[in-house]
Amino acid sequence: LLPGDFLGIALNDSYAYTAEAVDIVHLCRFPRRRLESLMREMPSLEHSLLGRASAEIILAQDQMLLLGRKTARERVASFLVMLVEREARHGRSAKSVALAMTRADIADFLGLTTETVSRTLSQLKKENIIGLANRGRVDILRPEELGDLREAG
C-alpha cells in the first residue's frame, strides 16, 4: 500500500490476512461504529470507500491471475508495472519506482524464490528494460516492453 491507501475495509471483525510494514508507516485507525456514523453523515465517504473496496477486489483478482498463470518473468514485470501505476495514481513520476520490499519479500509476494526474483531483475537490466538504481530504486527505461511482458501471461 502507498500513502492514502486503506487497509482492512471489511464487514467482519477479523481478517484472513495480516500486513507487514516494509517502511515507516503513519496510520489512522477508525473504530467501526465511528466510521459507520461518518458514512451516514457524509454519503460521499461511503461512496469513496465502496470504490476503494472495489479496487481491492480487482487487485486481489489480478494477484490470483499473477500467481496462477504467469511465468516468473511476467510476474516480476507485472509487479514493476503495478508499482509504476500506483505511483502515477498518486501523482508521482512513473520513470522510477522505489522498491521498499526486499528481494525475499518480493519473492514471497510473487510466489517465487529470492534467487528467481534477483535473476529476473538482472535479466531485465541486462536487456535495458530497467535500471537498478541506488537506494532500492528501479528506473523504468522501456515502459512499453515492460508492459508487454506483463500482458504476455
Side-chain angles (χ1 to χ4, degrees), residues 1-12 14-30 35 44-153:
L1 300 174
L2 295 173
D5 287 343
F6 275 76
L7 173 68
I9 300 173
L11 296 175
N12 299 335
S14 62
Y15 298 93
Y17 57 88
T18 61
E20 181 180 333
V22 295
D23 205 351
I24 296 171
V25 174
H26 300 278
L27 60 94
C28 180
R29 182 176 180 263
F30 293 92
L35 185 59
S44 62
L45 175 63
E46 183 175 20
H47 180 74
S48 176
L49 290 177
L50 178 60
R52 288 175 186 261
S54 296
E56 279 189 29
I57 291 169
I58 291 167
L59 289 173
Q61 290 170 333
D62 288 347
Q63 184 71 5
M64 286 186 283
L65 173 66
L66 179 136
L67 293 174
R69 294 203 173 152
K70 294 191 176 198
T71 66
R73 186 173 169 87
E74 292 164 350
R75 291 179 193 193
V76 171
S78 295
F79 177 73
L80 293 173
V81 170
M82 177 192 70
L83 292 178
V84 166
E85 289 172 346
R86 296 185 95 176
E87 290 288 333
R89 276 197 307 271
H90 285 81
R92 294 186 282 272
S93 171
K95 295 180 180 182
S96 177
V97 294
L99 281 184
M101 298 167 73
T102 66
R103 300 283 194 272
D105 289 333
I106 295 168
D108 186 47
F109 182 73
L110 297 176
L112 300 170
T113 64
T114 305
E115 296 78 12
T116 300
V117 169
S118 294
R119 188 172 46 253
T120 304
L121 288 171
S122 294
Q123 288 171 345
L124 293 172
K125 179 183 178 195
K126 185 177 180 182
E127 295 168 17
N128 245 6
I129 295 173
I130 65 168
L132 299 176
N134 292 334
R135 289 179 233 132
R137 294 202 69 80
V138 175
D139 296 325
I140 309 302
L141 305 176
R142 295 183 5 223
E144 300 82 20
E145 288 191 39
L146 195 62
D148 290 345
L149 286 173
R150 174 193 194 182
E151 300 303 324

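Atom set for the values below is all heavy atoms of this structure, side chains included, hydrogens, waters and symmetry mates excluded.
Looking at S48, its side chain never comes within 3.5 Å of a backbone N or O of S44 through a donor-acceptor pair.
The nearest pair of heavy atoms linking R103 to T114 is CB-CG2, 3.7 Å. Scanning both residues, A77 and L149, for their nearest heavy atoms gives CB-CB, 3.6 Å. Listed here is the closest heavy atom pair of L112 and A72: CD2-CB, 3.8 Å. For the pair L99 and L80, the tightest heavy-atom approach, listed with the atom from each and the gap, is CD2-CD2, 4.4 Å.
Not counting sequence neighbours, the partners of R142 by the salt bridge (charged side-chain N to carboxylate O under 4.0 Å, His left out) test are E145. Judged as a side-chain hydrogen bond (donor to acceptor under 3.5 Å, both in side chains), and not counting sequence neighbours, Q123 has no contacts. Shown here are the salt bridge (charged side-chain N to carboxylate O under 4.0 Å, His left out) partners of R86, two or more places apart in sequence or in another chain: D5. For S96, the side-chain hydrogen bond (donor to acceptor under 3.5 Å, both in side chains) partners two or more places apart in sequence, or in a different chain, are R137, D139. Take R119 and apply the side-chain hydrogen bond (donor to acceptor under 3.5 Å, both in side chains) test, not counting sequence neighbours, and it matches T116. Legend: residues meeting salt bridge (charged side-chain N to carboxylate O under 4.0 Å, His left out) with E46, ordered by chain and number and at least two apart, are absent. In this structure, the side chain to side chain contact (heavy atoms under 4.5 Å, CB included) partners of V81, at least two apart in sequence or on a different chain, are E85, L146, R150.
Sorted by first and then second residue, the salt bridge (Lys or Arg N to Asp or Glu O under 4.0 Å) pairs involving residues 121-132 (not counting sequence neighbours) are R73-E127. Sorted by first and then second residue, the salt bridge (Lys or Arg N to Asp or Glu O under 4.0 Å) pairs with a member in residues 105-116 form an empty list; sequence neighbours excluded.
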Evaluate the side-chain contact (heavy atoms from CB on, under 4.5 Å) criterion for residues V76 and L110: first the C-alpha distance (whole Å), next the side-chain angles of each, then the deciding distance (0.1 Å), finally the verdict.
CA-CA 7 Å; V76 171; L110 297 176; 4.0 Å; yes

Pair L124-L132, side-chain contact (heavy atoms from CB on, under 4.5 Å): steps then yes or no:
CA-CA 10 Å; L124 293 172; L132 299 176; over 6 Å; no

Criterion side-chain contact (heavy atoms from CB on, under 4.5 Å) on K95 and I140, from CA distance to verdict:
CA-CA 5 Å; K95 295 180 180 182; I140 309 302; 5.7 Å; no

Given side-chain contact (heavy atoms from CB on, under 4.5 Å), test L49 with L35 step by step and report yes or no.
CA-CA 10 Å; L49 290 177; L35 185 59; 3.9 Å; yes

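Interatomic distance, OG1 of T120 versus CD1 of I130, reported as 9.5 Å (0.5 Å rounding).
Looking at F109 and R75, their side chains never come closer than 4.5 Å, going by heavy atoms from C-beta outward.
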